Trainee: 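Can you keep this structure in mind? I'll have questions shortly.
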Amino acid sequence: MHIRHFVLTTVGDIREFSTEQAALIAAGANKLPEFADQRLRYLQVSLEDSSETELKIQTAGACIRFDGDGKMAEAGPPAENENISRFEHDACVQWALKDIPATAVIFH
């Protein structure tokens, strides 16, 4: 299983973090001063090869708040006005799929 981590910024950028970076951020061990005093949306994309011909994709969204130093202070469900748009969701999924090689598909 591969897990990709995306933060959606207030200026419309999408920033990806590795699993290791995301774990350090969640633990408060990494500071992100550029996100100080902000509440941002987060999207996790999980990719799992369930068979040779099937790839399962699951997504989960949240909001994360950073303190004045840029350390993650809390995470929780997005408020009604903080929903991840369909475009943002699809862009993150497409980005997560970019390194997966295309395989031949035979339709019968």
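Quick caveat, the model's predicted, so the values are computed rather than measured.
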Trainee: What salt bridge (Lys or Arg N to Asp or Glu O under 4.0 Å) pairs are there with at least one residue in residues 18-28, not counting sequence neighbours?
Mentor: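 Counting only pairs at least two positions apart or across chains, no salt bridge (Lys or Arg N to Asp or Glu O under 4.0 Å) contact touches residues 18-28.
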Trainee: Can you check whether Leu43's main-chain N or O pairs, donor with acceptor, with Thr59's side chain at less than 3.5 Å?
Mentor: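 Not at all, since once roles are kept as given, no pair shorter than 3.5 Å links the two residues.
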Trainee: Are the side chain of Asp69 and the backbone N or O of Lys71 linked by a donor-acceptor pair below 3.5 Å?
Mentor: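 No, because the side chain of Asp69 does not come within donor-acceptor range (under 3.5 Å) of the backbone of Lys71.
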Trainee: Any chance you could measure Met72, atom CE, to Leu24, atom CG, to the nearest 0.5 Å?
Mentor: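 Spacing of CE (Met72) from CG (Leu24) equals 12.0 Å.
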Trainee: Assess the residue pair Leu97 and Leu55 against the criterion (side-chain contact (heavy atoms from CB on, under 4.5 Å)); give the C-alpha distance rounded to whole Å, side-chain angles, the decisive distance to 0.1 Å, and a yes or no.
Mentor: CA-CA 10 Å; Leu97 292 171; Leu55 177 67; 3.6 Å; yes
Trainee: Report the distance from atom NE2 of His2 to atom CG of Asp49, rounding to the nearest 0.5 Å.
Mentor: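 Here the rounded value is 6.5 Å.
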Trainee: I would like to know whether Leu32 and Phe17 meet side-chain contact (heavy atoms from CB on, under 4.5 Å); could you show each step before the answer?
Mentor: CA-CA 12 Å; Leu32 298 169; Phe17 293 92; 4.0 Å; yes
Trainee: Do any pairs count as a ring pair (Phe, Tyr, Trp, His ring centres under 6.0 Å) and have a residue in residues 43-81, sequence neighbours left out, and if so which ones?
Mentor: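 Checked against ring pair (Phe, Tyr, Trp, His ring centres under 6.0 Å) - neighbours excluded - the pairs reaching residues 43-81 are Phe35-Phe66.
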Trainee: Rounded to the nearest 0.5 Å, how far apart are CD of Gln21 and CZ of Arg15?
Mentor: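 Spacing of CD (Gln21) from CZ (Arg15) equals 7.5 Å.
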Trainee: Please determine whether residues Val45 and Tyr42 belong to a single hydrophobic cluster, defined as Ile, Leu, Val, Met, Phe, Trp and Tyr linked transitively by side-chain heavy-atom distances below 4.5 Å.
Mentor: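 Per the 4.5 Å side-chain linkage, Val45 and Tyr42 are not co-clustered.
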Trainee: Out of curiosity, does Phe6 fall in the hydrophobic cluster containing Ile57 (side-chain heavy atoms, cut-off under 4.5 Å, transitive links)?
Mentor: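 Looking at the clustering, Phe6 is in the same group as Ile57.
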Trainee: Measure the spacing between OG1 of Thr10 and CZ of Arg41 and express it to the nearest 0.5 Å.
Mentor: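 Reported to 0.5 Å precision, the distance equals 9.0 Å.
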Trainee: Over all heavy atoms of both residues, which pair between Ser46 and Met1 is shortest? Give the atoms and the distance, please.
Mentor: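 Looks like CB-SD, 4.2 Å.
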Trainee: Counting only pairs under 3.5 Å, give me each side-chain donor-acceptor contact of residues 73-84, with atom names and distances, residues two or more places apart or in other chains.
Mentor:
residue, atom, partner, partner atom, Å
Glu74, OE2, Arg65, NE, 2.9
Glu82, OE1, Arg39, NE, 3.2
Glu82, OE1, Arg39, NH2, 3.0
Glu82, OE1, Ala79, N, 2.8
Glu82, OE2, Arg39, NE, 2.7
Asn83, ND2, Glu80, O, 3.2

Trainee: Could you tell me whether the side chain of Arg4 reaches within less than 4.5 Å of the side chain of Cys92, counting heavy atoms only?
Mentor: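 Contact flag for Cys92/Arg4 side chains = no.
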Trainee: Identify the two heavy atoms, one from Thr9 and one from Leu40, that lie closest to each other, and give their separation to 0.1 Å.
Mentor: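 Of all heavy-atom pairs spanning Thr9 and Leu40, the closest is CA-CD2, 3.9 Å.
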Trainee: Any side-chain heavy atom of Ser85 within less than 4.5 Å of one from Leu8?
Mentor: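 No, every pair of side-chain atoms sits at 4.5 Å or beyond.
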Trainee: Atom CD1 of Ile14 and atom CD of Glu88: how far apart are they, to the nearest 0.5 Å?
Mentor: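 Reported value, rounded in 0.5 Å steps: 6.0 Å.
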